[in-house]
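Note sheet for the following structure.
Just the heavy atoms: all of them, side chains too, but no hydrogens, waters or symmetry mates, feed the values below. Start at 1 and go down the list; that is how both ligands and their atoms are numbered.
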Amino acid sequence: MTKDATPLRDANFSDQTILRGTGGETHQVAGGDTPVLTTQQGAPVSDDQNSLKAGERGPVLMEDHHLREKVFHFDHERIPERVVHARGFGAHGYFETYESLTDITSADLFQRPGEKTEAFVRFSTVAGNKGSSDLARDVRGFAVKLYTKEGNWDIVGNNIPVFFIQDAIKFPDLIHAAKQEPDRGFPQAQTAHDNFWDFISLMPESMHMAMWIMSDRAIPRSFRFMEGFGVHSFRFVNAEGKSTFVKFHWKPKQGMQSVVWNEALKISGADPDFHRRDLWDAIKMGDYPEWELGLQVFDDDFADRFDFDILDSTKIIPEEDVPVRLIGRLVLDRCVDNFFAETEQVAFHTGNIVPGIDFTNDPLLQGRNFSYLDTQLKRLGSPNFTHLPVNAPRCPIRHFQQDGHMAFVNPTGRVNYEPNSWGAEGGPRESPEKGLKAFPEHIEGPKRRLRAESFADHYSQGRQFYISQTDTEKRHIINAYTFELSKVERPDIRSRVVAHLRNIDEDLAKGVADGLRLKQMPEPAEAAVAPRTDLKASPKLSIILNGPDSFKGRKLGALLTDGVDIELVRSLKAALEGEGAKIEFIAPRVGGVEASDGTWIEAKQKVDGGPSVLYDAVAVLTSDDGAKMLAKEATAKDFVSDAFAHLKFIAYSAEAMPLFEKAGIASDLDRGCMQINAVGDSPRFVQMCRSLRFWEREPFVSMP
Ligand code: HDE
């Protein structure tokens with residue numbers, strides 16, 4: 001035994017002597033309520049600190065199976081991340097049906113009002129790798145698994161109702177162009193680079209979707225505040241075999257909300273897990289997020305009459321043309337117990353449908369139906385991934401498929417084929433009445449590689465999207481194009497994008513051209529069919545016009561110092577809680593502050609770790625001395641100047657002014673900033689916060 005190694009008697013294995021590390025550190029051994037550590041084979045482990053050595057200083061012996069097994073397993077902990085949508089976060093919940101839809105679908109979950117169906121949802125970004133930031137400018141995946149009594153139904157959707165491409169054959173190109181450039185391996189989780197915009201500018205069909213990802217839809221405040229869409233047209237089929245087309249919408253009961261771009265960039269540094277933390281915290285606090293499932297239901301006549309092809313995933317059907325009928329709600333009320341087992345291993349597939357629901361001939365959907373099984377096998381390594389608890393249907397499963405890697409739900413008995421003549425022991429049989437039946441759509445035509453003429457209009461709906469936005473949102477779109485294209489190194493690619501924008505809206509094109517300081521305005525891109533200018537604005541496409549009417553579910557960050565007026569803190573807290581919102585305290589030191597009357601207020605964040613970008617609104621409540629101290633602290637100045645630049649509502653105590661002065665914004669404080677002096681001011685401030693942002697300020701805090 002070396003001088004400083006200490007012998008330790010293990011309670012359970014008293015015949016063994018364990019040599020502890022030389023640091024003299026302590027560790028717990030089994031005994032009492034603490035269970036015994038074992039190997040994977042179940043053998044009890046005596047020492048998990050030291051490998052088995054010959055002599056005090058080695059060598060390590062090959063026979064140390066515990067060491068071998070532990071390191072072997074660690075070496076194999078990772079599975080391939082998803083080729084797209086790698087960064088994601090999941091939660092459990094349920095779907096509740098409002099009304100019976102028997103007239104349009106025989107889908108079992110829609111037959112009985114009040115029916116509850118277990119659900120699992122995974123939200124994601126698309127382009128970034130598994131460890132990338134939540135706040136990337138990107139589409140968000142919105143994938144819902146509904147464990148119905150007649151099998152699992154997956155609605156594998158996004159938070160944007162259209163897609164970049166019309167045909168699945170272009171998907172690998174799109175994703176290659178969007179992800180890191182292959183020689184250098186960067187940029188990570190960003191579309192602001194040459195390859196992406198090169199591809200997009202050569203694919204006019206992506207122009208509508210590009211408008212959406214340059215809008216604030218691509219920088220949601222959190223998963224809770226975004227819409228979801230099934231994107232494709234699907235079919236509902238009723239018991240008589242009659243088919244109706246349907247598009248799926250998820251409407252957040254919390255209302256929509258996005259962050260501003262500069263804020264998104266800073267959140268990525270301050271808290272790359274901002275979205276997953278938000279969902280986790282909301283569920284853990286019992287503030288369960290909800291979405292309502294909306295349907296746009298339409299028939300063949302409408303499909304024939306509609307301006308665009310309903311099989312074209314680069315088009316929407318405006319809600320003003322076909323209203324969304326709300327038919328149920330999705331509630332997320334349980335966090336995962338284990339991220340890997342549930343969020344990482346969950347396997348969605350557009351092909352997972354149930355009787356009463358069917359596909360259409362959308363070529364993108366057809367390509368997806370082909371793709372998702374491949375990806376699951378690659379990722380999960382076995383065709384038995386449906387045996388994993390998160391993927392297993394909750395209804396009985398009876399089939400003759402067998403064996404394979406990791407098969408752990410195995411049939412018993414002698415018969416593993418059909419037809420068979422074993423009678424009652426012969427296992428399950430097909431059911432022409434109950435089983436899934438494809439809608440017998442009549443199809444004819446020559447076999448060709450062809451894009452239908454009806455898919456040729458690439459600009460009109462992009463224009464419709466643009467004219468449906470408020471001026472604030474239009475400005476954000478112009479700024480987003482300008483930002484992204486400013487990161488593109490090749491000037492010809494920048495111009496090519498602007499050439500497309502000229503087919504969408506001249507002001508938009510001009511705004512971006514000015515933003516880039518293009519020396520010459522390019523000619524409009526050649527269009528396969530002339531862009532239309534007669535489509536009416538669809539107000540439902542704006543986030544700001546469809547925001548919430550309360551501050552519920554939002555969070556205010558209050559920067560406090562010693563000597564703060566306790567009554568102001570209490571009144572603000574009460575007003576926020578009355579609204580269903582949260583308050584989080586930020587202090588010079590995380591231990592907290594001592595208020596004017598000696599009350600101790602614990603902080604959640606130290607000022608440099610709780611920047612204002614993490615909050616929907618802020619308050620700065622200090623004493624005179626406290627404000628003077630904060631005025632010397634760069635991160636405190638950032639706290640207020642960022643909150644101001646990000647158009648947040650700001651409450652402040654009179655004593656806090658020195659901080660605003662030092663931050664250079666004291667003379668700019670506007671109607672979005674409110675000095676709170678008396679207890680009655682707090683409810684008025686919270687009322688103000690319902691608008692979420694003080695958009696009027698924007699022209700004063702950004703370049704024209
Ligand atoms: Fe996906 N997509 N996708 N996709 N997709 C995947 O499946 C694919 C598309 C969407 O949280 C992959 O399990 C093809 C549209 C979501 O686990 C993969 C095409 C929409 C998720 C795949 C599309 C989506 C995926 C990667 C073009 C919106 C994440 C890992 C035809 C309607 C699901 C995986 C989750 C995931 C293929 C286009 C949504 C490779 C070939 C359009 C939300 O199979």
Please write down residue, atom name and distance for the protein heavy atom closest to [atom].
atom                    : value
atom 43 (C) of ligand 1 : Gly157 O, 3.1 Å
atom 33 (C) of ligand 1 : Phe348 CD1, 3.8 Å
atom 28 (C) of ligand 1 : Asn158 ND2, 3.2 Å

Ligand-side contact atoms (ligand 1) for residue partner [X], heavy atom cut-off under 4.0 Å:
X      : value
Leu364 : 27 (C), 31 (C), 42 (C)
Ala168 : 31 (C)
Arg122 : 11 (O), 17 (O), 35 (C)

With a cut-off of 2.8 Å, which protein N/O/S atoms are close to atom 1 (Fe) of ligand 1, if we only count those under it? Tyr372 OH
Any N/O of Gln376 closer than 3.5 Å to an N/O of ligand 1? yes
Under 4.0 Å between a Lys/Arg side-chain N and an Asp/Glu carboxylate O for [X] and [Y]?
X      : Y      : answer
Lys251 : Glu292 : no
Asp309 : Lys315 : no
Asp505 : Lys474 : no

Of Arg82, Arg87, Glu81, the residue with the heavy atom nearest atom 30 (C) of ligand 1 is Arg82
Heavy-atom nearest option to atom 34 (C) of ligand 1, drawn from Val83, Ile169, Leu380, Thr375: Thr375
Just by distance, no angles: are the side chains of [X] and [Y] close enough, under 3.5 Å, to form a donor-acceptor pair?
X      : Y      : answer
Thr244 : Asp299 : no
Tyr288 : Arg334 : no
Tyr459 : Arg463 : no
Ser382 : His405 : no

Among Trp197, Trp261, Tyr466, whose ring-ring contact (aromatic ring centres under 6.0 Å, His included) with Tyr481 holds?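 Single ring-ring contact (aromatic ring centres under 6.0 Å, His included) partner of Tyr481 among Trp197, Trp261, Tyr466: Trp197.
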Qualifying residue, where the test is ring-ring contact (aromatic ring centres under 6.0 Å, His included) with Trp153 and the options are Phe95, Phe248, Phe120, Tyr147: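 Of Phe95, Phe248, Phe120, Tyr147, ring-ring contact (aromatic ring centres under 6.0 Å, His included) with Trp153 is met by Phe248 alone.
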Flag this pair as yes if the NZ/CZ of Lys145 is under 6.0 angstrom from the six-membered ring centre of Phe348 and inside a 45 degree cone about the axis; otherwise no.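 Judged by the rule, Lys145 and Phe348 form a cation-pi pair.
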Without placing hydrogens or testing angles, list every side-chain donor-acceptor pair under 3.5 Å for residues 213-220, not counting sequence neighbours.
unit_1, atom_1, unit_2, atom_2, d
Ser215, OG, Trp212, O, 2.6
Ser215, OG, Arg217, N, 3.1
Asp216, OD1, His476, ND1, 3.3
Asp216, OD2, His476, ND1, 2.6
Arg217, NH1, Glu227, OE1, 2.8
Arg217, NH2, Leu541, O, 3.1

Does only the side chain of Val231 get under 4.0 Å from ligand 1, or the backbone, or both, or neither? Count heavy atoms. side chain
